[in-house]
Amino acid sequence: MSIKNRAKSFLYLFLFLVLIWLCLTSTFNRQELFSGIFISLVLALFFNESYLRLGLPPLTLKRFAFFIVYVIVLLKEIIKANFDVAYRIIHPKMPIKPGIVLIKTELKSDIAKMILANSITLTPGTFTLDILRDKILVHWINVKTEDIDEATKIIGERFERYLRVIFARNLH
Amino acid sequence: MHLFGVIITGIGTIFLFLGNLGILRLPDVYNRVQAGTKCTTLGAFLTIIGVGIMQPAWFWKALLIAVFILVTNPIPSHAIARASRKSGVPLCDRSVVDKTREFEEYEEKG
């Protein structure tokens, strides 16, 4: 592992920790600020290796923009699907059609697959049961299709098209 | 502003209530996990954000807590569901499809 990578991961982790500290204390008081920066420095020194092991791709402007869009899409889907599940629960007849389906993914890195699986779980109505290489086992409260390709299109594609860009190997 | 916060918290509480109602009403473990963790996601999120809006001094703190809930919430529900699948908890009889067998074959094929 190169020195440059280490320095970069150290810097990212440090900035991230300082941001969390600022959120928690929500003050720019000099004492608070300095103790926060000191603690972040120590933590970043000790933990930059485990941050590096996550295998996050290098930060670029395009990746960051896509990440913001991705978060907005995710929030929109969460709200939409929450109303859907809430409706199914209060309806006297409970119009559910539960089942377990398989979907495919084209993502390669572990962290990308983890984010995809967690996004599927966060959207109500679907959650990830298991994941193996390029197949994800998903429980669906209202099965619309049993076909693997169509299910992939409905469940996974709305998140995956952003994640594919974010976690692309070489981005120009 | 205070009223707006109260409304947001109120909506969140309704979602929390619906989540609990879902645990009582839905038929099997998997569907209950759906209700128990999903409605709670938005419920807890809105409740905490609402508190942050009511007390602007706490807003960033509340936002941070909400983000942590959003990031960590899928993990327990996934763990519960996976454990029940591994220990062979059956699906309810209203289920329409079960591809578990296919997945296991794929697993054995290596």
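Order of the sequence lines fixes the chain letters, A, B, ..., with proteins taken first and strands second; residue numbering starts at 1 for each chain.
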Worked verdict on A/Phe16 versus A/Ser40 for side-chain contact (heavy atoms from CB on, under 4.5 Å): CA-CA 9 Å; A/Phe16 183 63; A/Ser40 305; over 6 Å; no

Leading residue by heavy atom contact count with chain B [cutoff under 4.5 Å; candidates A/Leu22, A/Asn82, A/Val138]: A/Asn82

Ring centre gap for A/Phe10 and A/Phe46 strictly below 6.0 Å: no

Whether B/Asn20 side chain and B/Leu16 backbone form a donor-acceptor pair below 3.5 Å: yes

Residue pair B/Thr47 / B/Thr9, side-chain donor-acceptor N/O under 3.5 Å: no

Side chain A/Thr128, main chain A/Ala117, donor-acceptor under 3.5 Å: yes

Region of A/Thr126 that comes under 4.5 Å of a non-hydrogen atom in chain B: backbone

Selection from B/Gly22, B/Ala79, B/Gly19 maximising heavy-atom pairs under 4.5 Å formed with chain A: B/Gly22

Proximal component of A/Ile20, with respect to chain B [non-hydrogen, under 4.5 Å]: both

Nearest-0.5 Å distance, CG of residue A/Leu41 to CG of residue A/Leu17: 9.5 Å

Max heavy-atom pair count under 4.5 Å with chain A, selected residue of B/Ile14, B/Leu70, B/Leu42, B/Asn73: B/Leu42

Ion pair B/Arg32/B/Asp28, N-O distance below 4.0 Å: no

A/Leu43 side chain near A/Phe14 side chain, heavy-atom distance below 4.5 Å: no

B/Asn31 vs A/His139, side-chain contact (heavy atoms from CB on, under 4.5 Å): CA-CA, chis, key distance, verdict: CA-CA 9 Å; B/Asn31 290 309; A/His139 181 273; 3.3 Å; yes

Toward chain A: residues of residues 55-67 of chain B with heavy atoms under 4.5 Å: B/Ala57, B/Trp60, B/Lys61, B/Leu64

Which portion of A/Ile131 sits near chain B, non-hydrogen atoms under 4.5 angstrom: backbone

